[in-house]
Every structure is written in structure tokens, then in C-alpha cells.
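Taking it in order: structure first as C-alpha cells, then the write-up.
Position 1 is the first residue of the sequence, and the numbers go up from there. Computed from a predicted structure; not experimentally measured. Every number for a ligand or one of its atoms is a count from 1 in the order of the listing.
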Amino acid sequence: MERFDLVILGAGAAGLFCAGAAARRGRRVVVLDHAARPGEKIRISGGGRCNFTNRELTRQNAAERFVSENPRFALSALSRFTPADMIARLDRAGIAWHEKHRGQLFCDGKATQVVEMLVEDLRAGGGELRLGTSVAGLERLGEGFVVETSGGPIAAERVVVATGGKSIPKMGASALGYKIAESFGLALVETRPGLVPLTFAEQDLARTAPLAGIARAARVRRGKVAFDEDLLFTHRGLSGPAILQISSYWREGDALEIDLAPGRDIAAELAQIRAEQGRIAIQTALGRLVPEKLAQFVVAEAGLAGRLADQNNRALERLAGQVHRWQVRPVGSEGYRTAEVTLGGVSTAELDAKTLEAKRVPGLHFIGEVVDVTGWLGGYNFQWAWASAWAAGQVA
Ligand code: FDA
């Protein structure tokens, strides 16, 4: 049987990065992936430019920017391999980057440069990459493991599971990592799509359909969590960064409260127009403050009609409330087909925060998205992939 010091399952961001780190330590490493190409999600990420990290991430805000049953779990790995460390890696590889919005760093050129850098690191350390190789199972063999693959069994001293989440099945996502965890009796946190557009029920869609295509800055709130970002009305419901962010906190049955004109006082602005041109229709007046179709929708939702001059202050407040505190109850999400990430996964309670090794299965590590650690939109998920991979790569 073939033997390696370390077998890594999954040639995505985490698997490739971990392989490079372990190979540099002189470990004999092989990375297995059923896909035809490595790092496919890196390639398509950030609109093809890979938002590879976020430099706003600090030890102080990390627990808030990652969703997990134990948000503090990620701090150890995140503080030992930081956004500055990843920037230094790209700089050394000569990959130019720029900052876009709120600390989000993107490559100037194609995201494939990052994949090439990771594969090059792996090869420079003498590691092997085997693509088109499916993994049928993993079992204990003495102190080590046997990996059953389409190319025959491979014996390994240690195994790192970096098979990612369930998002975008047509790109090779599978539940292998979760199945392996289960087969070793490790607890899983229920998985669900995250960073995903939300959908409306038929009766809501009938009312919002004319709004499809409208994009605007908004504040979207669910309970105590709120995001100030762009929102997009779609033919199925809502999307845009504000919705993707809140989707990771949203549960079926929850209502969202949306401010469609954050930082403004629509009641005061309407009162001003009323003082100057009270004869215009209320929806014409609101149409000067927000897109016309949105104004029509809001006026209808508030149950108002007629001239602006005929509306008392209470009516204007009601209308403004509809703009600033629109209550909407999505019925679902677009699911794993379009979700950028998978929430939940291998329970952090099962893993050592420093090494990502399963406490009850020595030699078996879980890194990246397969773990119950999910970041905000904006480079946080790749930073978790790099940091958890680096942590495991120092010992595996
Ligand atoms: P990843 O999914 O990258 O890799 C898992 C690997 O395992 C894949 O190569 C897969 O083929 C392989 N695999 C799975 N099952 C297998 C099996 N049964 N046998 C063999 N191999 C198997 N994040 C961010 O920070 N910035 C961004 O710009 C974006 N943009 C973005 C866009 C889109 C469209 C998506 C879908 C996602 C993002 N993300 C992102 C999220 C980010 O891509 C994601 O969090 C990381 O890729 C996770 O890295 P992993 O290595 O854990 O999994």
C-alpha cells in the first residue's frame, strides 16, 4: 500500500494552504480531490478576483465576524495567521492587490494567480496533488489511517479533512467531510446555506415583483444584528450584500426589519415638500426621495392615497415608518445552489483550537469551511481557510 505522512482531502483554499505548510516542514504530503482542477472556488471568488482576506479583522472583532456555536474558537488560529501574514504571502509571490470596501482585499489580476501560488508552494515542498481522485472512505489503521480512493488505498500517519461545505454542488461540493466526522462519532452542528439570497412567498412576490432590479443602500436588521450595505430586489425576493450578510443570522420564520433610506428622515423630508408643494400626489412626493416604483410600493403598503397636503403628520410618520422600518418575512433562501458558504459543520467542541485536531481521534484534523466557523462576507471565509490550514499545517 502507498504511504504518506499526511493525506489531505480537498484541494481547495484550506487543503492547498495546509499542504504547503506541512510540505515545508519536510512532511511527505499528498492532496486528493475529485475535481479536475484545484481551488475552483478560489477561481470564481470575488467576481474572479478573489477577495482573499479582510484587513479590518482584529482579535477584538473576530468573535463578532464569525458565526459559530462557539465564535471564540476561531480566535486562536486567526491570531496566529493574520490578514497581514496573507498579504505578505501574496507580496512575496508578486501578486498585486487592492482594497475595495471595508477592508476587503482583492487581487488586481485573476484569482487563478492565488491558486497557482498555492500549487507552486505545495510542489516546492515536494508535495503531490492528485486530481480526479474520489475518496470512498477513511478508516483507522493502527495509530494512523487508510484512505480508500478511486486510485486504491493510501496509508497515512495523519489526515486533514478540507473538503469544504455543501455550497455550489455543481463545483464539486460534497458532504464527505461531514460523513467522515460522523463515522468517527464526532458531533456536527446542523448545516444550512449562508451568505445567500432570501426568497419571498408567492403573495409577497406579487407585490414586490415590480421592484426587481432596484438596488439601494439599506440597513437590514434581525434582532440585535444589523448590516449597512447595498440591498437588491430580485424576482425571487431580496439579495445584495446586506441580505447575504443577514442571511447567516436569519432562521425560517424570522422577520427582517429593513431601513430603505438609512441616515435620512423621510417624514421630515415629506413635511418639507408638503410645505412647498402640497398639491402633488403623495406617491409623486415620495418618488422624489426614493425610486418611483419603490415609492408606489411603499404608499400602497401604508394604505395611503391622495394629495400630500391632505396627509397629516401621523400619516407621514406611518409612511416614513414603512420606509425606515419595513417588516418583511422571507420564506426561505435560494439554498446551496447559490449560497457562498455553509453554516454549521464539524462541532468546534470536538476540535483542539490550536491544531484543529479531533480531540477524540488523534491524527485527524478538520480545517476550513467543513468546521462550524463561518465568516462574514468580505474575505473572512478565506482568512479562516488560511488560518485554520496554517494552524494544522504546523503539526499535521
Ligand atoms: P473549498 O470548497 O474551497 O474546497 C473543498 C475542496 O474539496 C474542493 O476542491 C472539492 O472539490 C473537494 N471535495 C469535496 N468533496 C470531495 C470528495 N468527496 N472527494 C474529493 N474531494 C472533495 N470567501 C471569501 O473569503 N472571499 C470571497 O471572495 C469569496 N467568494 C466566494 C464566491 C463564491 C461563488 C463562493 C461559492 C464562495 C466564495 N467564498 C469567498 C467562500 C470561500 O470560497 C470558501 O469559504 C472557501 O473556499 C472554503 O475553503 P475550503 O478549502 O474549506 O473549501
Side-chain angles (χ1 to χ4, degrees), residues 7-19 30-54 57 65-67 83 86 97 100-101 103-107 111 114-115 118-119 129-138 147-151 160-180 193-197 241 244 248 334-343 345-346 356 365-389 392:
V7 174
I8 297 181
L9 309 183
L16 290 174
F17 200 63
C18 182
V30 63
V31 185
L32 311 177
D33 203 299
H34 60 180
R37 291 189 291 190
E40 279 294 83
K41 279 197 186 161
I42 301 176
R43 183 177 63 81
I44 61 158
S45 68
R49 296 200 188 274
C50 185
N51 177 194
F52 60 91
T53 192
N54 192 302
L57 175 64
R65 294 183 185 203
F66 287 87
V67 182
M86 195 59 193
W97 51 268
K100 245 191 174 167
H101 170 66
Q104 300 170 5
L105 304 190
F106 288 77
C107 298
V114 176
V115 183
L118 298 174
V119 172
L129 175 59
R130 288 189 197 168
L131 300 168
T133 303
S134 46
V135 176
L138 176 70
V147 187
E148 295 295 342
T149 81
S150 50
V160 170
V161 180
T163 44
K166 297 179 180 172
S167 315
I168 326 260
K170 72 170 192 224
M171 296 204 68
S174 84
L176 178 68
Y178 309 116
K179 286 189 188 144
I180 290 175
L195 301 181
V196 64
L244 300 191
S248 295
E334 289 191 5
Y336 292 117
R337 190 180 57 82
T338 61
E340 281 199 14
V341 287
T342 301
L343 292 148
V346 178
L356 284 302
H365 303 248
F366 291 85
I367 60 173
E369 202 178 314
V370 72
V371 179
D372 171 35
V373 172
T374 306
W376 279 6
L377 188 75
Y380 294 93
N381 286 296
F382 277 136
Q383 189 57 35
W384 167 246
W386 316 133
S388 58

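Looking only at side-chain heavy atoms (C-beta outward), Lys41 and Ser167 come within less than 4.5 Å of each other. Residues Phe382 and Met86 are not in side-chain contact: their nearest non-hydrogen atoms beyond the backbone lie 4.5 Å or more apart. Using a 4.5 Å heavy-atom threshold, the side chains of Glu369 and Asn381 count as separate. Between Leu129 and Leu16 the shortest side-chain heavy-atom distance falls below 4.5 Å. Using a 4.5 Å cut-off on side-chain heavy atoms (C-beta onward), Asn54 and Pro83 make no contact. Looking at heavy atoms from C-beta onward, Val7 lies out of side-chain contact with Thr149 at the 4.5 angstrom threshold.
When all heavy atoms of Gly375 and Leu195 are compared, the closest pair comes out as O-CD1, 4.0 Å. Across every non-hydrogen atom of Gly172 and His34, the tightest pair is O-NE2, 2.8 Å. For the pair Gly378 and Asn51, the tightest heavy-atom approach, listed with the atom from each and the gap, is C-OD1, 2.7 Å.
Here the two rings, on Tyr380 and Trp384, have centers that are 6.0 Å apart or farther.
What sits closest to atom 26 (N) of ligand 1 on the protein, heavy atoms only, is Asn51 O, 2.9 Å. The protein atom (non-hydrogen) at minimum distance from atom 29 (C) of ligand 1 is Ser45 CB, 3.6 Å. In this structure, the protein non-hydrogen atom closest to atom 41 (C) of ligand 1 is Glu340 O, 3.7 Å. Closest to atom 49 (O) of ligand 1, if we only count protein heavy atoms, is Ala13 CB, 3.8 Å. Of the protein's heavy atoms, Ile44 CD1, 3.5 Å lies nearest to atom 34 (C) of ligand 1. For atom 47 (O) of ligand 1, the closest heavy atom belonging to the protein is Phe382 CE2, 3.4 Å.
Every atom of ligand 1 with a heavy atom of Asn381 under 4.0 Å away is listed here by number and element: 23 (N), 25 (O), 45 (O). Residue Gly368 has at least one heavy-atom neighbour below 4.0 Å for each of these atoms of ligand 1: 52 (O). Which parts of ligand 1 touch Leu176 is read off a 4.0 Å heavy-atom cut-off, strictly below it: atoms 17 (C), 18 (N), 19 (N). Counting the atoms of ligand 1 from 1 in the order shown, those under 4.0 Å from a heavy atom of Gly379 are 24 (C), 25 (O), 26 (N). Within ligand 1, counting atoms from 1 as listed, the ones closer than 4.0 Å to a heavy atom of Ile168 are 36 (C). Below 4.0 Å from some heavy atom of Glu369 lie the following atoms of ligand 1, by number and element: 44 (C), 45 (O), 46 (C), 48 (C), 52 (O). Close approach to Gly12 involves these atoms of ligand 1, each under 4.0 Å from a residue heavy atom: 3 (O), 4 (O), 6 (C), 9 (O), 51 (O). Close approach of ligand 1 to Ser174 is summarised as follows: ligand atoms under 4.0 Å from at least one heavy atom of the residue are 14 (C), 15 (N), 16 (C), 17 (C), 18 (N).
Under a 4.0 Å heavy-atom criterion, Asp33 is in contact with ligand 1. At a 4.0 Å cut-off, at least one heavy atom of Ala162 sits close enough to ligand 1 to count as contact. The closest approach between any non-hydrogen atom of Ser167 and ligand 1 is not below 4.0 Å.
Between Gly165 and ligand 1, no pair of N/O atoms sits closer than 3.5 Å. Annotation: Cys50 places no N or O atom under 3.5 Å from an N or O atom of ligand 1; distance criterion only. The distance criterion of under 3.5 Å between nitrogen or oxygen atoms is met by His34 with respect to ligand 1.
With values rounded to the nearest 0.5 angstrom, Phe52 atom CZ is found 4.5 Å from Leu105 atom CG.
Considering only non-hydrogen atoms, atom 51 (O) of ligand 1 lies nearest to Ala14 out of Ala14, Gly164, Gly47. Compare Lys41, Arg130, Glu40 by their heavy atoms: the one nearest to atom 2 (O) of ligand 1 is in Lys41.
Proximity of a side-chain donor or acceptor of Ser150 to a complementary backbone N or O of Ser134 within less than 3.5 Å is detected. Using modelled atom types, one side-chain atom of Ser388 and one backbone atom of Gly368 make a donor-acceptor pair closer than 3.5 Å.
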